[in-house]
Amino acid sequence: MSDESQIEIPPSFVALYVPPGRIKPTLPRSELAQRYELCEDMAQMLVDTARTLEFSLGITQADVLQRVAQGLQGEDAVVTEAEAGWVVTRLAELLGS
């Protein structure tokens, strides 16, 4: 049994790759799992940074999330726009928003 078969990809992430009116994702499961792991890892890694920004700059959590969202977008982004939105949402969950 491969490691990939053990990765549970949340429906909210799978939905990023299911076009309207369809039921199957546009990516193969292995690639979808890789993209999910990248995004989940990114959200996990941003927790400490987000908390530090919130307290050191004296800004709200919403402001921190907005800054993170801006940082995840752009020409050199490693995630898609939809994935960036998912990462920010996941980060908010991890921060307890």
Side-chain angles (χ1 to χ4, degrees):
M1 183 179 275
S2 73
D3 290 333
E4 288 180 355
S5 65
Q6 306 223 355
I7 296 171
E8 191 170 326
I9 304 170
S12 62
F13 191 83
V14 174
L16 300 178
Y17 290 96
V18 178
R22 297 293 193 97
I23 58 171
K24 291 180 93 176
T26 56
L27 295 179
R29 185 170 190 327
S30 61
E31 193 174 335
L32 189 64
Q34 288 175 339
R35 298 303 301 170
Y36 166 67
E37 284 186 304
L38 170 71
C39 292
E40 178 65 26
D41 289 349
M42 192 174 292
Q44 295 284 343
M45 289 179 359
L46 285 167
V47 170
D48 288 338
T49 302
R51 286 187 176 135
T52 300
L53 283 174
E54 184 178 358
F55 294 111
S56 67
L57 299 178
I59 58 178
T60 66
Q61 198 171 89
D63 289 335
V64 170
L65 294 171
Q66 181 180 11
R67 288 177 184 215
V68 168
Q70 290 172 343
L72 291 173
Q73 298 175 10
E75 225 174 88
D76 298 326
V78 296
V79 294
T80 67
E81 187 176 331
E83 289 172 341
W86 187 90
V87 169
V88 172
T89 300
R90 178 67 176 130
L91 177 58
E93 290 173 357
L94 294 169
L95 293 171
S97 296

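Here the structure is a predicted model, which is why all the values come from computation and not from measurement.
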Trainee: Compare every heavy atom of A92 with every heavy atom of L65, then report the nearest pair and how far apart it is.
Mentor: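 Residues L65 and A92, closest heavy atoms: CD1-CB, 3.7 Å.
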Trainee: Can you list every pair that meets salt bridge (charged side-chain N to carboxylate O under 4.0 Å, His left out) and has a residue in residues 43-72, with sequence neighbours left out?
Mentor: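 Applying salt bridge (charged side-chain N to carboxylate O under 4.0 Å, His left out) to every pair that reaches into residues 43-72, excluding sequence neighbours, yields nothing.
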Trainee: Is there a side-chain contact between V47 and L91, using heavy atoms and a 4.5 Å cut-off?
Mentor: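 V47 vs L91: side chains touch.
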Trainee: Rounded to the nearest 0.5 Å, what's the gap from CE on M42 to CG on L38? Could you check?
Mentor: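 With rounding to 0.5 Å, CE (M42) is 4.5 Å from CG (L38).
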Trainee: Which pairs of donor and acceptor atoms, one on a side chain in residues 79-86, lie under 3.5 Å apart (sequence neighbours left out)?
Mentor:
unit_1 : atom_1 : unit_2 : atom_2 : d
T80    : OG1    : E83    : N      : 3.0
E83    : OE1    : R35    : NH2    : 2.5
E83    : OE1    : T80    : N      : 3.0
E83    : OE2    : Y17    : OH     : 2.4
E83    : OE2    : R35    : NE     : 2.9
E83    : OE2    : R35    : NH2    : 3.4
W86    : NE1    : S12    : OG     : 3.0

Trainee: What are the two closest non-hydrogen atoms of A33 and I7, and how far apart are they?
Mentor: CB-CD1, 4.2 Å
Trainee: What pairs of residues pass the ring-ring contact (aromatic ring centres under 6.0 Å, His included) test when at least one of them lies in residues 63-85, not counting sequence neighbours?
Mentor: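 Qualifying pairs: none.
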Trainee: Do you know the tightest heavy-atom contact between P19 and K24?
Mentor: CD-O, 4.0 Å
Trainee: Is the closest side-chain heavy-atom distance between I9 and R29 below 4.5 Å?
Mentor: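 I9 vs R29: side chains touch.
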Trainee: Do F13 and L32 have side chains that approach each other closer than 4.5 Å (heavy atoms only, starting at C-beta)?
Mentor: yes
Trainee: Determine the minimum heavy-atom distance between V87 and L72, stating which atoms define it.
Mentor: CG1-CD1, 3.7 Å
Trainee: Which residue pairs pass the ring-ring contact (aromatic ring centres under 6.0 Å, His included) test when at least one of the two sits in residues 63-82, sequence neighbours left out?
Mentor: none
Trainee: Determine, using the 4.5 Å side-chain heavy-atom cutoff (strictly less than), whether V78 and L46 are members of one ILVMFWY cluster.
Mentor: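 Same cluster: V78 reaches L46 through Ile, Leu, Val, Met, Phe, Trp or Tyr contacts under 4.5 Å.
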Trainee: Who passes side-chain contact (heavy atoms from CB on, under 4.5 Å) against L53, sequence neighbours left out?
Mentor: T49, L57, V64
Trainee: Partners of Q44 by side-chain hydrogen bond (donor to acceptor under 3.5 Å, both in side chains), sequence neighbours excluded?
Mentor: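 With sequence neighbours excluded, Q44 shows a side-chain hydrogen bond (donor to acceptor under 3.5 Å, both in side chains) to E40, given in chain and number order.
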Trainee: In chain order, what residues pass the side-chain contact (heavy atoms from CB on, under 4.5 Å) check against P11, with sequence neighbours excluded?
Mentor: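 Not a single residue meets the side-chain contact (heavy atoms from CB on, under 4.5 Å) criterion with P11.
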